[in-house]
Amino acid sequence: MLYHSTRNKNHIADSAQAVLNGLAPDGGLYVPAVLPEVDVAACLQESTMDMAARIIGAMLPDVPDMPELVRRAYTGKFQTQELTPTVDTGKFTVLELFRGPTSAFKDVALCMLPQLLTRAKTVKGMQEDILILTATSGDTGKAALAGFQDVDGVKICVFYPDGGVSKVQRAQMVTQEGSNVAVCAVTGNFDDAQTGVKNIFAAGVEGRLPDGNRCRLSTANSINIGRLAPQITYYFKAYADLLKRGQIAMGDEVNFSVPTGNFGDILAGYLAKKLGLPVGRLICASNANNVLTDFIRTGTYDRRRPLHKTISPSMDILVSSNLERLLYLMSGDTELVAELMGKLNTQGSYTVPEELKNAIGEEFWAGCCDDAGAGETIRKVWQEQNYLCDTHTATGWAVAEQYVAESGDTRPMVVLSTASPYKFPAAVLSALEETTQTDEFRQMERLEQLTGVPIPENLRGLEQKKERHTGVIEKDEMLRYVMEI
Ligand SMILES: *Cc1c(COP(=O)(O)O)cnc(C)c1O
């Protein structure tokens, strides 16, 4: 199946090559030339793993043995066989995406990506090892490390800002086991770490390594179509659950509210709709970094604004890379996308044509919620629905409420839950009670005692686990570090 760049239809690659390349050569993202057909009715009858094999297999048909890859990716790694369970809270349905090995929604995609990459490598006869380089502000690093641990033919190196991630997130990363992993702190902030990684790519490391050590550099971030495709599955899974519970009949439309950062998660929902799932509105929920709210409401994307640090850090983002895919999918116009992305780069903003703005507005609705609102929502959802949610999920919930109040839409609403509340214990605990506790591990214990919701196993034992990666380097030492490993 052919993919091409969002910026130029002549930059083509089959689906296996698109997974290997990550980014198209002109800096655009790969999009399918024609969307595949999926038998929706059959899909909705299947187990989550069979659904995943069917959907990912349809999106990436040049990567063979999909049922086998899916089994290898997920078996034994998630808390439940259904991977992403739903909970009917009595108000909204919550789709729990955080039941994987690192308690983050990114596990759904990052367990699958290594399988896709290694199989694509075989199909394309690629000999060299792949070195995954990732700068992380917290969640992606651990999920990628866990996904790539001991995968043959791939090494992974994660850089995080020293002092810039939470104590739990640091503990998750520095205790990572595996013979092919490296983790290192960098003096500076997330941007310094990310710039350092970009510089390593630009330095052409691949050509400078001695023969026998040749490798190809790649990344694990969400611009890779191999990360996006696995995320389509859970929209089908949630719909199937509502059917099973008799809350909808086949064909009824369901709305989804998605806490959004890089626009990957919500774009997967749009793709699910394009594949035939009866999706109503997709609600794009942001925190105080509301660049997407403004865009969807006005048609102008403007990143020239300060970045706020919030209690939902995985959504602290000013440039949502996957929005570029939506602009193409809704306009079909690569020249327009190239022009808009050029403007974003040079001027920091762009405005889409009125027609495109209106088309986006029919599929999406956007809102935002600040830290105080998220905290208030955590408390209210706990008191009224007896459901404990994290800060990102609370943002999705609050914006779903705004949407329902403003539109009067009565279709069922599914709120995507992207993290375990125990990944952000300080913010969640202080939403429920006044606390002077500053140690994150004690906060977790207190939260468990207060709510009775169990701490996930992968987070519980963390404090006792051996620290394996304690290095801290300056940002100009990153290239040397990578050459050494
Ligand atoms: C990455 C992440 C998001 C945002 O997802 P996108 O696909 O980048 O929009 C939301 N919540 C959590 C907890 C995340 O880790």
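Numbering of ligands and ligand atoms starts at 1, following listing order.
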Region of Asp265 engaging ligand 1 - heavy atom pairs below 4.0 Å: both
Thr260 heavy atoms within 4.0 Å reach ligand 1 at atoms 9 (O)
Report, in ascending order of atom number, the atoms of ligand 1 lying under 4.0 Å from any heavy atom of Ala419. 13 (C)
Between Arg305 and Asn290, does any side-chain donor sit less than 3.5 Å from a side-chain acceptor? yes
Among Ser312, Ser417, Ser420, the one residue meeting side-chain hydrogen bond (donor to acceptor under 3.5 Å, both in side chains) with Thr393: Ser417
Which bit of Phe105 is near ligand 1, meaning a heavy atom under 4.0 Å away: side chain, backbone, both or neither? side chain
Below the 3.5 angstrom mark, is there an N/O of Asn262, backbone or side chain, next to an N/O of ligand 1? yes
What orientation do Tyr301 and Tyr350 show, parallel under 30°, tilted 30 to 60°, or perpendicular over 60°? parallel
State, without any angle test, whether Glu406 and Tyr403 hold a side-chain donor-acceptor pair at a distance under 3.5 Å. no
Residue Lys106 vicinity, atoms of ligand 1 by number, heavy atom under 4.0 Å: 1 (C), 2 (C), 3 (C), 14 (C), 15 (O)
Which one holds for Lys423 and ligand 1: side chain close, backbone close, both close, or neither close, with close meaning a heavy atom under 4.0 Å? neither
Does the side chain of Thr395 come under 3.5 Å of the side chain of Asn287 through a donor N or O and an acceptor N or O? no
Polar proximity ligand 1 side, Gly261 side, N/O cut 3.5 Å exclusive: yes
Does Pro259 reach ligand 1, in the sense of a heavy atom lying below 4.0 Å from it? yes
Tyr239 and Tyr235: aromatic ring centres closer than 6.0 Å? no
Note: ligand 1 atoms sitting under 4.0 Å from heavy atoms of Gly264 are 6 (P), 7 (O), 9 (O)
Counting only nitrogen or oxygen atoms and a 3.5 angstrom limit, does Thr418 reach ligand 1? yes
Any chance you could lay out the side-chain hydrogen bond (donor to acceptor under 3.5 Å, both in side chains) test for Gln176 and Gln149, step after step, and finish with the verdict? CA-CA 8 Å; Gln176 178 66 46; Gln149 176 186 349; 3.0 Å; yes
Tyr160 and side-chain contact (heavy atoms from CB on, under 4.5 Å): which single residue from Val174, Thr134, Val186 fits? Val174
